[in-house]
Q: 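Structure provided below as structure tokens; questions to follow.
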Amino acid sequence: MGAAGAGAEGEAGERRQLINVAYRLLGSLAEAEDAVQEAYARWYALPRPRREEIVSRGAWLTTVTGRVCLDVLGSARARRERYVGAWLPEPLPDRAEWDHGHGADPADRIVLDESVTMAFLVVLESMTPAERVAFVLHDVFRYPFAEISGVLGRTPGACKQLAASARRRAEGARAPVAADGHAEAVRRVKAAWETQDIAALVDLLDPAAVMTADGGGMAGSAPHPIEGGARIARYMAAIAGKAPGLELLERSVNGVPGLVARRGGVVMTVASFGVAQGRVTRIWVVRNPEKLRPWARDGQGSRGGKES
């Protein structure tokens with residue numbers, strides 16, 4: 001799965017690749033970094049003669065990272081059953097928003113393309129762990145099935161079938177985003193929300209739109225998905241009326257135009273949108289402060305505690 005380069009620069013590139021793989025597999029930057037760290041720990045735990053026998057350190061680390069992620073995905077269902085409310089992937093800011101330029105920049109390690117949009121990551125969540133691993137490694141990162149079989153412990157043919165099954169689930173999820181149309185729709189949602197214009201929100205939302213919120217029991221949010229453009233519009237207007245001092249900003253979320261709500265400079269909410277033919281079809285709202293840590297600015301971080 002690719003040899004590692006020499007020296008610190010080669011290891012940095014190798015680590016970036018592994019984190020990109022792990023984030024797409026797990027939907028969480030923190031878990032992705034843990035998985036990659038575990039892979040490196042296992043590498044350095046090998047006796048030196050064993051390490052010298054391995055032709056490609058990069059291939060070995062990718063295989064181990066994939067297996068660690070597979071284990072995490074396998075246990076995720078039980079953890080999600082205990083999770084309070086809906087679970088959404090961790091949203092990522094773009095480089096300009098990440099850590100306000102202080103220290104190492106994690107955004108440099110994640111390639112923000114169509115394979116990390118919230119729409120795509122949510123579809124990945126519907127796959128079995130084996131499907132997700134086969135699909136991400138082959139369709140996103142172009143690893144051959146002969147190498148993926150080493151991760152999954154299955155034949156290349158079986159891995160190919162898993163990827164094909166996953167591909168059917170993901171059909172349309174990686175369609176190119178019309179940036180101008182998407183950004184305009186998000187901009188209009190922001191304006192309507194700020195003025196509590198229910199009629200304008202209803203016009204912007206698809207009648208079959210769905211809003212899903214993730215508070216993780218640590219921040220107030222709708223416990224179940226809200227279905228229907230009119231219901232979502234009324235909910236959004238009600239929230240606006242109860243949110244004095246909230247600053248709504250247009251920001252890139254996983255590489256796609258979205259909205260960020262801040263109070264006192266602290267990020268409270270990150271919203272991502274699915275847009276089709278100029279109307280909003282999906283809204284994913286993340287309020288769990290543990291998932292908003294990458295959005296910290298000037299060392300303030302995201303807030304803890306439960307708020308409405």
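Residues take their numbers from the sequence shown, with the count starting at 1.
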Q: Is the CD atom of Glu52 crowded by more than 12 outside heavy atoms at less than 6.0 Å?
A: yes

Q: Would you say the side-chain atoms of Arg279 pair up with the backbone N or O of Leu205, donor to acceptor, closer than 3.5 Å?
A: yes

Q: Leu292 and Thr269: which non-hydrogen atoms are nearest, and at how many Å?
A: CD1-N, 4.2 Å

Q: Check the pair Arg234 / Arg231 against side chain to side chain contact (heavy atoms under 4.5 Å, CB included), numbers first and verdict last.
A: CA-CA 5 Å; Arg234 289 193 295 270; Arg231 290 185 63 199; 3.4 Å; yes

Q: Given 3.5 Å as the limit, does a donor-acceptor pair link the side chain of Asp214 with the main chain of Trp87, or not?
A: no

Q: Rounded to the nearest 0.5 Å, what's the gap from SG on Cys159 to CG on Leu152? Could you check?
A: 4.5 Å

Q: Are any non-hydrogen side-chain atoms of Val122 and Leu88 less than 4.5 angstrom apart?
A: yes

Q: With the side chain counted from C-beta on, respond yes when Tyr143 and Thr62 share a heavy-atom pair under 4.5 Å apart, and no when they do not.
A: yes

Q: Stepwise, does the side chain to side chain donor-acceptor pair (under 3.5 Å) test hold for Ser272 with Arg282?
A: CA-CA 8 Å; Ser272 184; Arg282 291 297 305 260; over 6 Å; no

Q: At what distance, to the nearest 0.5 angstrom, does CG of Leu46 lie from OH of Tyr44?
A: 11.0 Å

Q: Are Ile54 and Val64 connected into the same hydrophobic cluster when the rule is that any two of I, L, V, M, F, W, Y join if their side-chain heavy atoms are below 4.5 Å apart?
A: yes

Q: Any side-chain to backbone donor/acceptor pair from His138 onto Lys160? Under 3.5 Å, distance only.
A: no

Q: Does some side-chain heavy atom of Arg251 sit less than 4.5 Å from a side-chain heavy atom of Leu259?
A: no

Q: Without swapping roles, check the side chain of Asn20 against the backbone of Arg16 for a donor-acceptor pair under 3.5 Å.
A: yes

Q: So if you build clusters from Ile, Leu, Val, Met, Phe, Trp, Tyr with side-chain heavy-atom gaps below 4.5 Å, do Ile226 and Val210 land together?
A: no

Q: Donor-acceptor check, side chain of Arg42 to backbone of Thr65, threshold 3.5 angstrom: yes or no?
A: no

Q: What's the spacing between Tyr235 OH and Met211 CE if we round to 0.5 Å?
A: 7.0 Å

Q: Does some side-chain heavy atom of Val256 sit less than 4.5 Å from a side-chain heavy atom of Met118?
A: no

Q: Which atom names give the shortest non-hydrogen contact between Val267 and Trp295, and what distance separates them?
A: CG2-O, 3.6 Å

Q: Indicate yes or no for a side-chain donor-acceptor contact from Arg169 to the backbone of Ser126 under 3.5 Å, with no hydrogens or angles considered.
A: yes

Q: Considering non-hydrogen atoms only, spot the tightest contact between Gly150 and Arg67 and give its length.
A: O-NH2, 2.6 Å

Q: Identify, with sequence neighbours excluded, every residue that meets side chain to side chain donor-acceptor pair (under 3.5 Å) alongside Arg132.
A: Glu125

Q: Mind checking whether Ile198 and Leu248 sit in one hydrophobic cluster, side chains of I, L, V, M, F, W, Y counted as touching below 4.5 Å?
A: no

Q: Kindly determine whether Glu90 and Lys291 satisfy salt bridge (charged side-chain N to carboxylate O under 4.0 Å, His left out), including the steps that lead there.
A: CA-CA 5 Å; Glu90 180 182 309; Lys291 296 185 178 183; over 6 Å; no

Q: So does Arg51 get a backbone contact from the side chain of Trp60, meaning a donor-acceptor N/O pair under 3.5 Å?
A: no

Q: What distance separates Thr117 OG1 from Asn254 CG, expressed to the nearest 0.5 Å?
A: 7.5 Å

Q: Which value, rounded to the nearest 0.5 Å, describes the distance between Leu29 atom CG and Arg293 atom CZ?
A: 11.5 Å

Q: Any side-chain heavy atom of Asp203 within less than 4.5 Å of one from Arg188?
A: yes

Q: Looking at side-chain heavy atoms only, is the closest gap between Val202 and Pro207 below 4.5 Å?
A: no

Q: Does Phe120 form a side chain to side chain contact (heavy atoms under 4.5 Å, CB included) with Glu114? I'd like the steps, not just the answer.
A: CA-CA 7 Å; Phe120 188 69; Glu114 69 273 14; over 6 Å; no

Q: Taking the side chain as everything from C-beta on, heavy atoms only, tell me whether Leu204 gets closer than 4.5 Å to Trp193.
A: no

Q: Should Leu26 and Leu70 be regarded as members of a common hydrophobic cluster, given that ILVMFWY residues are connected when their side-chain heavy atoms come within less than 4.5 Å of each other, either directly or indirectly?
A: yes

Q: Quick one: do Met236 and Leu249 end up in the same hydrophobic cluster if we chain Ile, Leu, Val, Met, Phe, Trp and Tyr together by side-chain heavy atoms under 4.5 Å apart?
A: no

Q: Regarding Arg24 and Ser115, is there a side-chain donor-to-acceptor distance under 3.5 Å anywhere?
A: yes

Q: Carefully, step by step, assess Phe141 and Val136 under the rule side chain to side chain contact (heavy atoms under 4.5 Å, CB included).
A: CA-CA 7 Å; Phe141 291 96; Val136 168; 3.8 Å; yes

Q: Begin from the C-alpha positions of Arg15 and Gln37 and carry the test side chain to side chain contact (heavy atoms under 4.5 Å, CB included) through to its verdict.
A: CA-CA 9 Å; Arg15 189 178 289 268; Gln37 188 63 31; 3.6 Å; yes

Q: Compare every heavy atom of Leu201 with every heavy atom of Val189, then report the nearest pair and how far apart it is.
A: O-CD2, 4.1 Å

Q: Which residues pass the side-chain contact (heavy atoms from CB on, under 4.5 Å) test with Ala191, not counting sequence neighbours?
A: none

Q: I need the minimum non-hydrogen distance between Val151 and Thr63, along with the two atoms involved.
A: CG2-CA, 3.8 Å

Q: Between Arg168 and Glu131, does at least one N-O distance fall below 4.0 Å, as a salt bridge requires?
A: no

Q: Compare all side-chain heavy atoms of Pro91 with those of Trp284 and state whether any distance is below 4.5 angstrom.
A: no

Q: For Thr155 and Ser149, work out which heavy atoms get closest and say how close.
A: C-CB, 4.0 Å

Q: What's the spacing between Leu121 CG and Tyr23 OH if we round to 0.5 Å?
A: 5.0 Å

